[in-house]
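Have a look at the structure below before the remarks.
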Amino acid sequence: MLASRYLARRIVSHHRTSFQRSLATHSFTPSTLNSVNADDIAHFSKILSPSSILSTLPPVSLPPSDIAGFNNDWMNKYHGKSTTVLRPRTTQEVSDIVKWCSERRIGIVPQGGNTGLVGGGVPVQDELILSLGNMNKVRSFDPVSGILVADAGCILESLSEYLAPHSHIVPLDLGAKGSCQIGGNVSTNAGGLRLLRYGSLHGSVLGLEVVLPDGTIMNQLSSPRKDNTGYDLKQLFIGAEGTLGIVTGVSILAAPAPQATNNVVLALPRFENVLPLFVEVKKQLSEILSAFEFFDRRSYELSVRHGQGRALSGEEIEGAECFVLVETSGGKREHDEEKLNTLLESLLEADQPLINTGVVAQSPAQFASIWAIREGITESISKEGKAYKYDISIPLAKFKEVVDMTRDHLQSKGLLRDDAVRHVVGYGHVGDGNLHLNVVAADYTPEIQAALEPFVYELVASHKGSVSAEHGIGLMKTHALHYSKDSVNIEWMRKIKQLFDPRGIMNPGKVLE
Ligand code: FAD
Ligand code: 2HG
Ligand code: ZN
């Protein structure tokens, strides 16, 4: 499979405008929380080895630039002012830290690979950052049941590499695999490129070990595959974005590795063909279909421009409005190839073809290159400018309309120009009804922000969609939660938060305002 090029990005720039600062503080005043002080550092020194404590406070006294990568998010959009990053190695160390923070009422931000796209993994103010990266061991793997138990800080790609010789795969894959951690994946309920085939983490996670906000360790790691003994508490932590506790261990059902995988990129003359194409592809490929990913022409061009995969060639590509990547994963190469080729032939020979052309991967390198075009869009956008990201669920038929309406709206405000909004693109997981609407701008400005919100959220609500299909609420969307959840739901979310975290120390200001 793909080797990732998305290695950890430690962003050191401290330049930010007052608007960027306000982005990070717009809804939260942690008046009841205390800052970490030198006495706290002295206490942490009794729990942790010196290399596990990074702090600008005495006696450690590092320069702020040494912890800047933990204070700034992947997009360099959200910025915290934490003085201290702790990197525990064991669950007991996590528990001891949390107990102390609970007593002292110090806010804690759990941080995995810091690849989140909604500002959830960096502090709002100067909360303590608890980085899970040193908890990176596989605890056990049973090749018979396929159950993998791992520390939360294991990087997703390293888990894939661990499982490969055992002929298994993690039932989750995403472009950030080289940096994101399984604990972060669980905490965001990450979707990604395999959800169509293997379903969400709510199904494949079998158990969790969690340090609760008072330091208690809740261990459900030995949960068998079937377990109906009352409330399924682990589900609350899947997608909780670190607001209910710290995930320290994950038990997940790995999937048997497919014997054969292949992919094809299909060029479509018009967006309207995507829906009938999806129906046809499902019908013909049935059990071997493992991904159906969509990207519009501009996304494709940006990806290729920034070196993510090789450009496709041919006249038919020139005339394409959008593209679909289809992946097959099956048990027998010849059988799968025959199905894929038959699909392609029937699509091309139809009276009114849904596609202009299709390029089937002929080698592992071409397979990787085709995936790189799709997976590389996020990275290429970050090189093109500052992205406003909306990861929305809307009916498939509305994908293009929403992208076009957003572009038209920005145009009508006079914002579609090189020094303001450069591109409005759409791509995503068609199979899951999840569109990534990205507005790529020269900078983050109040004017663009005001043009986009609540415009986009109202559009989503008008289609009864979700304002977050996969990246979560984080800091970015606390004010937009009500577009997707009614007051009864939000009230019960608040009650659950209050029950688990009455002192309000766990990732304050995130998910709930
Ligand atoms: P972080 O960014 O460190 O944290 C994310 C949130 O989880 C924060 O709220 C944090 O407090 C919390 N958290 C982290 N670890 C823990 C823990 N151990 N216990 C409790 N809370 C914790 N997302 C998708 O869903 N699908 C995609 O296809 C996808 N592709 C991406 C591609 C790229 C190039 C990038 C940069 C991001 C992508 N993302 C995607 C978003 C991101 O990678 C996922 O949200 C990922 O699951 C975050 O993992 P992380 O370890 O980096 O978490
Ligand atoms: C993807 O599907 C990720 O590539 C990232 O979820 C989407 O950058 C984005 O908006
Ligand atoms: Zn996605």
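Just the heavy atoms: all of them, side chains too, but no hydrogens, waters or symmetry mates, feed the values below. In this text, all values refer to a predicted model and were calculated from it rather than measured experimentally. Remember, it's 1-based here, ligands and their atoms both numbered in the order they're listed.
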Discussion item. Between Asp151 and Arg89, does any NZ, NE, NH1 or NH2 come within less than 4.0 Å of an OD or OE carboxylate oxygen?
Written reply: no
Worksheet item: Do Glu375 and Lys177 meet the salt-bridge criterion of a basic N to acidic O distance under 4.0 Å?
Response: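 Counted as a salt bridge, because a side-chain N and a carboxylate O are separated by less than 4.0 Å.
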Before signing off on this row, confirm whether [X] and ligand 1 have an N or O atom pair separated by under 3.5 Å.
X: Leu117; value: no
X: Gly245; value: no
X: Ser179; value: no
X: Gly120; value: yes
X: Asn114; value: yes
X: Ala152; value: no
X: Trp74; value: no
X: Gly112; value: yes

I'd like to check which ligand 1 atoms, numbered from 1 as shown, lie under 4.0 Å from a non-hydrogen atom of [X].
X: Ala190; result: 25 (O), 47 (O)
X: Glu241; result: 9 (O), 11 (O), 12 (C)
X: Gly192; result: 26 (N), 27 (C), 28 (O)
X: Gly242; result: 20 (C), 21 (N)
X: Asn507; result: 9 (O), 11 (O)

Worksheet item: Is the gap between the ring centers of Phe237 and Phe500 under 6.0 Å?
Response: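 Yes - the distance between ring centres of Phe237 and Phe500 falls below the 6.0 Å cut-off.
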Discussion item. Using ring-ring contact (aromatic ring centres under 6.0 Å, His included), reason through Phe271 and Phe294 one step at a time and then give a plain yes or no.
Written reply: CA-CA 10 Å; Phe271 174 81; Phe294 157 80; 5.4 Å; yes
Could you work out, for [atom], the closest of [options] by heavy-atom distance?
atom: atom 33 (C) of ligand 1; options: Gly119, Ala176, Gly428; value: Ala176
atom: atom 52 (O) of ligand 1; options: Leu208, Thr115, Val109; value: Thr115
atom: atom 21 (N) of ligand 1; options: Gly116, Ser187, Gly113; value: Ser187
atom: atom 44 (C) of ligand 1; options: Ile108, Leu172, Thr188; value: Thr188

Worksheet item: Going by chain and residue number, what protein N/O/S atoms come nearer than 2.8 Å to the Zn ion (ligand 3)?
Response: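 Near the Zn ion (ligand 3), the protein supplies His429 NE2, His436 NE2, Glu470 OE2.
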Non-hydrogen atoms of [X] versus ligand 1: any pair closer than 4.0 Å?
X: Lys510; value: no
X: His471; value: yes
X: Gly474; value: no

Item to complete: Sorted by first residue and then second, give each salt bridge (Lys or Arg N to Asp or Glu O under 4.0 Å) pair with at least one member in residues 96-113; sequence neighbours left out.
Response: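 Non-adjacent pairs meeting salt bridge (Lys or Arg N to Asp or Glu O under 4.0 Å): Asp40-Arg104.
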Worksheet item: Where's the contact between Leu132 and ligand 1, heavy-atom distance under 4.0 Å: side chain, backbone, both or neither?
Response: side chain
Worksheet item: Looking only at heavy atoms, what is the nearest atom pair of Val424 and Arg407, with distance?
Response: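 Residues Val424 and Arg407, closest heavy atoms: O-NH2, 2.8 Å.
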Worksheet item: Is the Lys NZ or Arg CZ of Lys386 less than 6.0 Å from the centre of Tyr388's six-membered ring, within 45° of the axis?
Response: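 That pair does not qualify as a cation-pi contact.
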Fill in: Residues which pass side chain to side chain donor-acceptor pair (under 3.5 Å) with Arg305, listed by chain and number, not counting sequence neighbours
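Side chain to side chain donor-acceptor pair (under 3.5 Å) list for Arg305, sorted by chain: Glu384.
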Discussion item. I'd like the residue list for ligand 2, meaning every protein residue with a non-hydrogen atom under 4.0 Å from the ligand.
Written reply: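 Contacting ligand 2 under 4.0 Å are Leu117, Arg374, Thr378, Lys389, Tyr427, His429, His436, Asn438, Glu470, His471.
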